[in-house]
Amino acid sequence: MRNRTAKIVTIYLLTIFFLLFLNFLLPRLLPGDVILAMYSGYEVTITDELYNELVQLHGLNKPLHVQFFIYLVQLAHGNLGYSHICHAPTTTLIMDALPWTMLLVCTSFILSAIIGMVLGVESSWVRGKRTDQSLLVSMLVVDGIPSLAVGILFLTIFSLYGGWFPTSGAMTPYSNLAGIAHIKDILWHLILPLTTLTLSQIPGDYLLIRNSMILTIREPYVLTARAKGIKERKIKYFHAARNAILPFFTRIGIRLAYVITGVLFIETIFAYPGLGLLTYNAISNRDLPLLQGILTVSVLLVLLINIVVDLLYKKIDPRVEYAY
Amino acid sequence: MTNVKQILIAASIICLCISTSVISAASEKEIRIADKAGDWGYPSPYLSYARGPGYVRMQFIFDTLVWKNETNSPIPLLAENWEYLNDEDAYVFNLVENAKWHDGTPVTASDVAFTIHYMKEHPYGWVVLDRVDRAEAVDKYTVKIYMSGPYAPFMEDIGGTMPILPEHIWKDVENPMDYVEPGAFVGSGPFKYADFSKEHGTYKYEAFDEYYLGKPIIDQLIYVKTGDPQMALQRGEVNFASIKSEMVDTMTEKGFIVIAGPHYWNKKLMINHNKQPLDNIVFRQALAYAINQSEFVDKSLRGYGKPASYGLISSESVWASPNVPDYPYNPGKAKELIESLGYEWDNGIFINDKKPLKLQVLVSMIGVGGQPAPDRDGEILKDQLEKVGIQVELTSLDTKMVDKKVINWDFDLAISGHGGIGADPKILYEKTIQVPGSKPSPNTARYNKSEELNEWFDGLMHEMDASKRLEAVHEAQNVYARELPAISLYYPTWYYAYTPDAGVSWFYTTGGIAKGIPIPQNKLALIVTGTEEGTTAATQEAQQQESPIISFSVVMAIFILVAFYLKRH
């Protein structure tokens, strides 16, 4: 048991090191002189003097391995570097954006899991009937529409014509709202991006649960439960769904990575101040330290979720324990 | 019992929805401006991003010596009047005596002298002070700036662009790029810094009541980040936003005032004039004849733009030469010129030494006004050049990759673009030759081989007599258009719209703000000057109209009640 945990930890540590190395290296492999690329869109004359000052500011005058070493040491101190384009520590920038993304991603993750699961269970229970077929078709259709298009459609219908929701941002800037009114303002701004993101997640959850349920329903214990005269709702959710849910948990780690990248487009459309938008800006500004910081945080976040799922898995499915 | 409980819960949710939905009414006059990117850096000289919108955010707080409005010549700002002393090669500026910093300290000549010395020590991207020798405060309100040689673009390039810094704050700042203290936002402009949120991409400014030109006509100026500025304007979330060209008529019909931008940005074709056959002037002229500028405007801009002048300086600029050589679309003439260089026409393509005439064209997503835009011009160009027998290999690359190849002369033709062509003609010099002591820029032709051009450039940069300088500027454009170190293709037209009821008449600055920024957000639009005194700004009182939240809540409430009713029965 202890060996297994040690093994998992070692594998994760190696992965982290490798990914950090990639994080460090990839932005530096982008074509062109880093400084000139970073400031090429600027309407200023880059004199030799200014150029040298910028090179020094970014610490690019040191050899690559020294830069990597500095990066690791800083990271060990919880310091993700300083964004000279934003004039702020990368950690602050990320920590400002992270709560918004977490609010969006976590809420959407939970909502889509619940809705997808309920629809999947109900759909599989009446497999082949009209309800199931229409649900299946509509889910496939929803799955086929890119979230980008859904977002724009929602904006046009509910913001521009309906006038019900704000077009962008996470709250009304400088509105002097406080207390419940402020929370409501935040929720009001959240609804459209949240719905868009959730809608893009539901079909995946639905299809997974539905397929898994179809296999589970055939199991003898479901038949036994029926024979015992247990209420149908109970059989569906406590006997069948309880077992059908396993593949869903396996996929959480992978799915979360998709959600984090998927949120990039949605945050850009709705100008939602999260990590996705920050990434977008960092890429367009060639903000090396910021990009590096965001990638590091994303990598650590996804790995962390994976570890948690890995460790929790045997609680959810005790059979895993015996497989070793 | 459960039903009663459920109804109670539902009722309380509905009550909460309706009761708290009160949007606070702004009692002050405020203007909200939408921006797609949001974050342009802290509004302080060394902290704002060195791009047009970054400078615009900063100019509300920091004043310069002189400024520009809808007229062409510089108008007084911190400097009341000025004089150029030919014999001493120096400028004398007399400052206004009632100007104050936002912390109440008076603005004096020593602040100006200090700014010059500080910016010479700590280079500031917008202003290159190589030509300035030193500055001295003659008395409390008179400053004398000594040049190290005649420098004609001074008034616009330095006088109208360099933000004056308060000496009492900046004298202790050693590293201006890392100085993010409250002192970094103390200026002498019409607005005081109130807030900037990097996270939300929003800015808030408050009117400076003691501003020497009078209190601004609004109390608050707010920049808001929006995914779609035009939609935010239509929804009433903001008062001012950029709009898409196709929406001009619709927005005008809806009562917005639409302003069309002047043509100060050009898309241009970079040419590797160090390589055969592009090193030949006749061949470059043949290219110009082969290019149909109107087709670019029609197809690429869907008609919202106009063909460019071949002399680089915008045809709408006061500096535009009246007789720039023109190359009307003429494929026959292009073929004739190519033939005169020894090429033979063979089955639709030109050949020389049994090799076909082939050029590589680099295209990329190039930044237009800070936003990357897909480039469709490569296809149009390919089509046009192939009609005159030039084979074209179109290569689409990442912008930075194209920049790198152009800088390393590893290309034939590349599609590029830049702004600033309506401001001081110094741009013609900067975009034609490699300015000594600066890094190569990917949209500079680096064409140093024309003696004649260099002579006119000397006049353009150093001739202090206005009419002689104008002549040099005109002649430089004519030679440029004749020798074609690069070929300007077209100017796109950009539109902004605003609500008239806010009481502000926004305008495009002639030549662009400061060094030529084509954004219609000049601070002078927010200050009552002279004749406009009588017109008071209409208050943009946030109307206490029914909040959209309420209407949505009502719909939701009905929905919930119906659901419960159905469930009970």
Side-chain angles (χ1 to χ4, degrees), chain A residues 30-33 35-37 39-51 53 57 82 84-88 93 96-97 100 152 155-156 159-160 162-177 179-181 184-185 188 268-273 278 281 284-286, chain B residues 16 20-24 36-39 41-42 47 49-52 55 123 125-126 128 130 177-178 180 195 197-202 204 220 222 224-228 231-232 234-235 237 367 370 372 398 400-401 403-404 407 419-420 430 435 437-439 441-442 515 517 548-549 551-552:
Chain A
L30 287 172
D33 181 299
I35 294 292
L36 289 185
Y39 295 90
S40 73
Y42 281 24
E43 291 152 18
V44 297
T45 318
I46 301 210
T47 56
D48 289 338
E49 217 178 349
L50 188 62
Y51 179 84
E53 190 149 314
L57 197 67
Y82 190 88
H84 292 281
I85 286 192
C86 293
H87 296 287
L93 291 173
D96 281 346
W100 295 112
I152 291 170
L155 265 182
T156 315
S159 279
L160 186 61
W164 284 345
F165 297 101
T167 55
S168 45
M171 54 190 197
T172 313
Y174 311 113
S175 60
N176 306 323
L177 295 176
I180 291 184
K184 270 199 61 192
D185 187 47
W188 223 246
T268 313
I269 301 173
F270 292 100
Y272 205 77
L278 198 66
N281 290 339
S284 33
N285 291 335
R286 293 272 163 137
Chain B
L16 195 71
T20 57
S21 51
V22 179
I23 288 186
S24 79
K36 208 172 157 73
D39 175 18
Y42 286 94
L47 302 177
Y49 301 168
R51 296 187 183 186
Y55 188 91
W126 285 95
V128 179
D130 293 358
M177 290 197 194
D178 285 340
V180 202
D195 185 57
S197 163
K198 194 170 270 301
E199 179 192 355
H200 296 279
T202 53
K204 185 180 176 186
Q220 282 182 352
I222 290 171
V224 184
K225 179 181 184 158
T226 48
D228 189 334
M231 199 185 278
Q234 282 173 283
R235 280 264 292 111
E237 289 173 14
D398 172 61
K400 311 288 173 181
M401 199 68 205
D403 289 354
K404 189 184 171 189
I407 286 173
E430 282 180 336
V435 179
S438 71
K439 291 279 165 198
S441 141
K515 267 175 123 174
I517 303 163
I549 300 180
S551 62
F552 187 77

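In what follows, every chain begins at residue 1, and chains take the letters A, B, ... in the order their sequences are listed. Keep in mind it's a predicted model, so treat the numbers as computed, not measured.
Ranked by heavy-atom pairs shorter than 4.5 Å toward chain B, the options A/Ser159, A/Pro166, A/Ala97 are led by A/Ser159. Of all the listed residues (B/Ile407, B/Val224, B/Asp228, B/Asp195), the one sharing the greatest number of non-hydrogen pairs under 4.5 Å with chain A is B/Asp195. For chain A, the option among B/Lys204, B/Gln234, B/Met177 with the highest count of heavy-atom pairs below 4.5 Å is B/Lys204.
Only the backbone of A/Ile269 comes within contact range of chain B, judged by heavy atoms closer than 4.5 Å. Heavy atoms closer than 4.5 Å to chain A are found nowhere in B/Ser441, neither backbone nor side chain. The parts of B/Leu47 that come within reach of chain A are both its backbone and its side chain, each placing non-hydrogen atoms under 4.5 angstrom from that chain. For A/Leu155, the parts lying near chain B are the backbone and the side chain together; criterion is any non-hydrogen pair under 4.5 Å. With a 4.5 angstrom heavy-atom cutoff, B/Asp39 touches chain A only via side-chain atoms.
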message: With side chain to side chain contact (heavy atoms under 4.5 Å, CB included) as the criterion, how do B/Lys198 and A/Asp96 come out once you've worked through the C-alpha distance, each side chain's angles and the decisive distance to 0.1 Å?
response: CA-CA 9 Å; B/Lys198 194 170 270 301; A/Asp96 281 346; 6.0 Å; no
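Rounded to the nearest 0.5 Å, atoms OG (A/Ser168) and CD (B/Glu237) are 6.0 Å apart.
You'll find the side chain of A/Tyr174 stays beyond 4.5 Å of the side chain of B/Gln220, heavy atoms only.
For the pair A/Thr167 and B/Arg235, the tightest heavy-atom approach, listed with the atom from each and the gap, is CG2-CG, 3.9 Å. For A/Ala271 against B/Gly227, the heavy-atom pair with the smallest separation is CB-N, 3.5 Å.
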